[in-house]
2 protein chains.
Amino acid sequence: MPKQNTVFKDAYNRCLQLLVVGESLPSEPELCNLLGVSRTTVRSILSQMVEAGLIEWNKRSKAVQRPPVKADFFPEHETNSLAEVIERTFMKRILMGGAEPGMQINELELAREIGVGTTSVREFLIRFSRFGLIEKRPNSHWVLKGFTRQFAEELIDVREMFELKSAAAFVKLPADDPAWIELEALRRAHVDVLADIDSRYLEFSELDDRLHRLIQQASNNRFIVDFYDIIAIVFHYHYQWNKSNARERNGKAILEHLDYIEALKTRRPDAVEAACRSHLSSARLSLMQSLSPAALAATDEAQ
Amino acid sequence: MPKQNTVFKDAYNRCLQLLVVGESLPSEPELCNLLGVSRTTVRSILSQMVEAGLIEWNKRSKAVQRPPVKADFFPEHETNSLAEVIERTFMKRILMGGAEPGMQINELELAREIGVGTTSVREFLIRFSRFGLIEKRPNSHWVLKGFTRQFAEELIDVREMFELKSAAAFVKLPADDPAWIELEALRRAHVDVLADIDSRYLEFSELDDRLHRLIQQASNNRFIVDFYDIIAIVFHYHYQWNKSNARERNGKAILEHLDYIEALKTRRPDAVEAACRSHLSSARLSLMQSLSPAALAATDEAQ
DNA sequence: GGGCTGCACATTATCGACAAAGAACACAAA
DNA sequence: TTTGTGTTCTTTGTCGATAATGTGCAGCCC
């Protein structure tokens, strides 16, 4: 099977939600924009909807016949691209179950375990190698360097350098830069979540990602912006499987974010630097503390 | 053809130079170490040498029969791995001949042009994408972002951050760290080249690479060390095809390096920082000036 | 004239296949 | 007991093939 039709299935599912009985779907190019796919895919979706009796399709008219029911949707797991599946499986293996630093990674074995071809696994590993968690030995295996304390420290050191630089650049943004509007929107979102922190503390991850990305953008430096991908993926998976103290940790972090945002709004470089440093060292502490004892022990042994 | 046997050919060529008539080659495992390949490959080499009448091989004895002649060597171009070939061709295209920023990159076309399969090109592009010169549009083409003035500035900004950090760490290295010995060796190498600068100025590139890598190592941070790969590849190819003023440029840089090395040896942080900044801003200037007018014009238009 | 559809074509993502290269193991030699 | 060899098996690097997806052009409808 050459290509998974996950793009089609995912777009189909999203298109189902656009159906309103009695009305007609918009034009093909407009659907392309709404769904973010090409016209070919849109037309496949329309054909499929005709077969499912959801719409009547004749040239420009795409009259909705009935509302979609649950059975019309493709199961969610079929809508994930291969790369996503591989990434999740792999991260699970190296961040959770006993993946010792120094371990060898076998393309073939991984491919069989996940049930995909070797090429896909191989390409994933190449892409993933820029995160510094694995290393290639040409003509031989990959070596797992592991999510160790050492790794976390190196990551955070660079993060601090970059974030301080970006925050300093943010302050110099012209007053009419859209980033200021987004910053205010983010501030409100923080306040909202904080008001109902006990039930919404899990939304912090998303806020965190948005705030830091917004700040890195200000650096106007692709290497700084790209580096944030590493931080994001590590934090994302790590905290996804490591929810101890999440309630307190996130509550505290939201307060820090609010300080940080206020500081940015003053545009005073020293205030920004102080708030930034304070938040980052707190984040560093959280991450270090949440590293499991197993990971810690492994770190000391590695190399 | 599944795999190029470039490993074999390259090792074979290197093994030819070990032949001394009348003597016997060392044991298989020892040859593995000398050539940096596996025993399987060593045995292939030995077999081939028997066929070529170069040696008699019987168990442990591998008696050399005749000295190798020129025709025994594989042509050099057959010893380059595919990845190297692709990299060179690609860099040539984007750093030299009219590759406008924003241009689309086509895997199939590139593969045909170079005469390799699409998989190899694809994997190269994925690996290469971390250098920030190209960007992937999933399910669609790659976009060339181009070696523009903007790119150079972003690259050098990060370089300065990292180098300052590394240099500061270098100063704190214990007195018995091997880096100090290597530093002294490098200093002498600089002096040697400088003494005969008019005929040896092209050797500067190698010295530059060695010195900066040595310093980055001191950071003990994989992200900083890995980032130097980007700088190295860009400088390598750029100056390889851009030798205007190389004589003056390199002569001046060697003097700066010597200052820098002296500063490191004093272990005084402020002296190191000054020398580091001075050298880096000079390197920045050189790079900027050597960017062709075409690249400059393109920069302004892009986005 | 500007946007929409129909159609033909180009390109990507993924797979399985296979030779090159590496790795493991039992035995032989020193 | 250590080191080297013979042998077999595993894994990587590369290719071509193929369905999914994207793109371009000619004509049609408002």
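Chain letters run A, B, ... following the sequence lines, proteins first, then strands; residues in each count from 1.
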To the nearest Å, how far apart are [X] [atom1] and [N] [atom2]?
X: A:Phe8; N: D:dT21; atom1: CZ; atom2: P; value: 8 Å
X: A:Asn106; N: D:dT10; atom1: CG; atom2: C1'; value: 8 Å
X: B:Gln104; N: D:dG22; atom1: CD; atom2: P; value: 14 Å
X: B:Arg60; N: D:dG6; atom1: CZ; atom2: C1'; value: 12 Å
X: A:Leu108; N: D:dG13; atom1: CG; atom2: P; value: 12 Å
X: B:Arg122; N: D:dC15; atom1: CZ; atom2: C1'; value: 14 Å
X: A:Glu109; N: D:dT10; atom1: CD; atom2: P; value: 13 Å
X: B:Leu110; N: D:dC15; atom1: CG; atom2: C1'; value: 17 Å

Quick check on DNA chain D: between B:His141 and A:Pro138, whose nearest nucleotide comes earlier from the 5' end? A:Pro138
Judged by each residue's nearest nucleotide on DNA chain D, which is more toward the 5′ side, A:Ile105 or B:Lys62? B:Lys62
Range on DNA chain C touched by chain B - first to last nucleotide, heavy-atom distance under 4.0 Å: C:dT11 to C:dA29
Winner on side-chain proximity to B:Glu123, out of D:dT18, D:dT12, D:dT14, is D:dT14
Check every strand shown and say whether B:Ser140 touches a base, only sugar-phosphate, or nothing at a heavy-atom separation below 4.0 Å. sugar-phosphate
Starting at the 5' end of DNA chain C, which residue's closest nucleotide do you reach first, B:Thr6 or B:Arg112? B:Arg112
What residues, two or more places apart in sequence or in another chain, satisfy side chain to side chain donor-acceptor pair (under 3.5 Å) together with B:Lys62? none
All side chain to side chain donor-acceptor pair (under 3.5 Å) counterparts of A:Gln48, not counting sequence neighbours: none
Does atom CD of A:Glu56 have more than 12 heavy-atom neighbours from other groups under 6.0 Å away? no
Interatomic distance, A:Phe74 atom CZ to A:Asn5 atom CG [nearest 0.5 angstrom]: 7.0 Å
To the nearest 0.5 angstrom, please state how far the NZ atom of B:Lys145 sits from the CG atom of B:Leu133. 9.0 Å
Is the ring pair A:Tyr12/A:Phe8 parallel, tilted or perpendicular, if the boundaries are 30 and 60 degrees? tilted
With sequence neighbours excluded, what pairs up with B:Tyr228 under the ring pair (Phe, Tyr, Trp, His ring centres under 6.0 Å) test? none
Would you mind checking if [Y] and [X] are paired as a salt bridge, meaning a charged N to carboxylate O distance below 4.0 Å?
X: B:Glu87; Y: B:Arg127; result: no
X: A:Arg130; Y: B:Asp229; result: no
X: B:Glu113; Y: B:Arg93; result: yes

Of A:Leu35, A:Val37, A:Leu34, A:Leu46, the one forming a side-chain contact (heavy atoms from CB on, under 4.5 Å) with A:Cys15 is A:Leu35
Over the length of the helix from C:dG1-D:dC30 to C:dA30-D:dT1, how much do the five-pair end axes diverge, rounded to 10 degrees? 30°
Going by heavy atoms closer than 4.0 Å, what residues in residues 25-51 of chain B are next to DNA chain C? B:Val37, B:Ser38, B:Arg39, B:Thr40, B:Thr41
So does A:Lys3 reach the base of D:dT21 with its side chain, donor to acceptor, closer than 3.5 Å? no
Side-chain contact test, heavy atoms from C-beta onward, threshold under 4.5 Å: evaluate it for B:Phe73 versus B:Gln17 and give yes or no. yes
It should be established whether A:Lys136 places a side-chain nitrogen or oxygen under 4.0 Å from OP1 or OP2 of nucleotide D:dG13. yes
